[in-house]
J.: 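Structure provided below as structure tokens; questions to follow.
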Amino acid sequence: MKLRIHRFLPATRTEGPGVRACVWVQGCPIRCSGCAVPNTWPEEGGEEIDVQDLAERILNGPSVEGVTFAGGEPFAQAEGLAHLGKILRNRGLSIVTYTGYVLEQIRRSSRTDWHDLLAVTDVLIDGPFLADLRDVSRLWVGSSNQRVHFLTSRYRYWEARLENTPNRMEVRIQPDGRIAVNGIVDLERLESWFAELARLESAPGTAIKGKWSEGAGDGDA
């Protein structure tokens, strides 16, 4: 069984509770206006990878407590992610899944693959990104309509923390000088930060190099 992924991080602290691996899938039928990562929309592109190979990559990588499925739209590749989630859950890892659909819509669906992915998900973060409701003050979401559902008891203690825990951003400088960003942040502030980096780079006596290679967001933001 194959998945088409856009990006993979073996360890991150911004894409759900604790230290997690994160898989961004390639392809999104929802295509929210104002999405921070529109390059995840096309079904073509990205990297095709065998589910078992990806599972081994996660399990043999840095120590993590779980994996987050983002995108793109995870429910567009629900069968493969459900299979991956089952392998990882059997090894004690937790699953966080982002989606532009809403929980009620998924539960009403007759699609077995959707129900299978929901069944391995501990935390579901649902709802499309709505630009006019943009709000990054709430943990793990990008607009005020989006919701965090604790589907199992594993992270239910986080429910009381959501309002008082800010979103985070991670910035990584790649070996080739590109700057990769993940997390949910205000894009205007991020663009302002990169503009300041560009100004410093052009200033005499500085040696800052880099190019923004990735938008910030969870794939549905």
Side-chain angles (χ1 to χ4, degrees), residues 1-12 14-16 19-32 35-101 106 109 111-126 128-129 170 172 174-184 211-221:
M1 188 175 295
K2 304 285 187 180
L3 283 169
R4 183 161 292 277
I5 67 172
H6 173 74
R7 186 184 180 196
F8 170 72
L9 269 181
T12 174
T14 69
E15 309 294 341
V19 180
R20 321 185 61 76
C22 187
V23 177
W24 286 265
V25 297
Q26 183 72 35
C28 179
I30 299 175
R31 305 191 171 194
C32 303
C35 173
V37 282
N39 51 341
T40 66
W41 291 356
E43 292 182 4
E44 66 276 5
E47 170 194 1
E48 188 176 75
I49 186 168
D50 185 84
V51 168
Q52 187 63 47
D53 291 343
L54 182 55
E56 291 176 5
R57 189 172 173 185
I58 293 167
L59 294 168
N60 294 328
S63 178
V64 295
E65 64 182 78
V67 180
T68 295
F69 300 150
E73 172 50 56
F75 278 83
Q77 297 190 56
E79 183 180 8
L81 290 177
H83 184 54
L84 176 61
K86 185 175 181 179
I87 294 171
L88 299 174
R89 284 279 295 270
N90 287 340
R91 296 290 295 272
L93 274 63
S94 64
I95 304 296
V96 172
T97 304
Y98 276 90
T99 180
Y101 300 109
I106 296 167
S109 171
R111 291 186 55 166
T112 301
D113 58 340
W114 282 20
H115 291 282
D116 289 345
L117 178 53
L118 198 64
V120 299
T121 297
D122 295 286
V123 180
L124 183 81
I125 302 169
D126 77 343
F129 171 71
E170 291 178 343
R172 292 175 173 81
Q174 309 296 337
D176 62 2
R178 291 180 303 145
I179 299 173
V181 177
N182 69 289
I184 298 178
K211 184 177 181 180
W212 182 14
S213 68
E214 195 71 46
D218 56 37
D220 295 307

J.: Do E43 and R4 come close enough that some side-chain heavy atom pair is under 4.5 Å?
T.: no

J.: Please tabulate, for side-chain N and O atoms in residues 44-58, each donor-acceptor pair with protein atoms closer than 3.5 Å (sequence neighbours left out).
T.:
unit_1, atom_1, unit_2, atom_2, d
D50, OD2, Q52, N, 2.9
D50, OD2, D53, N, 3.4

J.: So which heavy atom on C35 is nearest to which on F129, and how close?
T.: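 The pair with the smallest heavy-atom distance is N-CD2, 4.3 Å.
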
J.: What residues form a salt bridge (Lys or Arg N to Asp or Glu O under 4.0 Å) with D126, not counting sequence neighbours?
T.: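 By the salt bridge (Lys or Arg N to Asp or Glu O under 4.0 Å) rule, D126 matches R147.
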
J.: Any side-chain heavy-atom pair from W24 and L9 closer than 4.5 angstrom?
T.: yes

J.: Applying side-chain hydrogen bond (donor to acceptor under 3.5 Å, both in side chains) between T97 and each of T68, D122, T121, report the one that passes.
T.: T121

J.: I'd like to check T40 versus V25 (side-chain heavy atoms, cut-off strictly below 4.5 Å). Are they in contact?
T.: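 Heavy-atom side-chain distance check fails, nothing below 4.5 Å.
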
J.: Taking atom CZ of F69 and atom CG of L3, what is their separation to the nearest 0.5 Å?
T.: 8.0 Å

J.: Do Q26 side-chain atoms and P42 backbone N/O form a donor-acceptor pair below 3.5 Å?
T.: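 Pair found, side chain donor or acceptor close to backbone of P42.
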
J.: Tell me if a side-chain donor or acceptor on S109 pairs with a main-chain N or O of H115 at a distance below 3.5 Å.
T.: no

J.: If I take atom NZ from residue K86 and atom CD1 from residue I95, how far apart are they, to the nearest 0.5 angstrom?
T.: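 With rounding to 0.5 Å, NZ (K86) is 13.0 Å from CD1 (I95).
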
J.: If every non-hydrogen atom of P62 is compared with every non-hydrogen atom of P10, which pair is closest and at what distance?
T.: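 Distance-wise, the nearest heavy atoms are CD-CB, 3.6 Å.
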
J.: Within this structure, what is the CD1-OG1 distance for the pair I106 and T99, rounded to the nearest 0.5 Å?
T.: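 If we round to the nearest 0.5 Å, I106:CD1 and T99:OG1 are 4.5 Å apart.
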
J.: Any side-chain heavy-atom pair from N90 and L88 closer than 4.5 angstrom?
T.: no

J.: Rounded at 0.5 Å granularity, tell me how far CE in M1 sits from CD in Q77.
T.: 11.5 Å

J.: Which residues satisfy the side chain to side chain contact (heavy atoms under 4.5 Å, CB included) test with A78, sequence neighbours excluded?
T.: F75, D113, W114, L117

J.: Short question: side chain of E15, backbone of R20 - any donor-acceptor pair under 3.5 Å?
T.: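 No.
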
J.: If you define the side chain from C-beta out and look only at heavy atoms, does anything of E73 sit under 4.5 Å from Y101?
T.: yes

J.: Determine whether L81 and V120 make a side-chain contact, defined as any pair of heavy atoms from C-beta on separated by less than 4.5 Å.
T.: no

J.: Is the count of non-hydrogen atoms from other residues, nucleotides or ligands lying under 6.0 Å from E79 atom CD greater than 12?
T.: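 For E79, atom CD is not crowded (no more than 12 foreign heavy atoms under 6.0 Å).
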
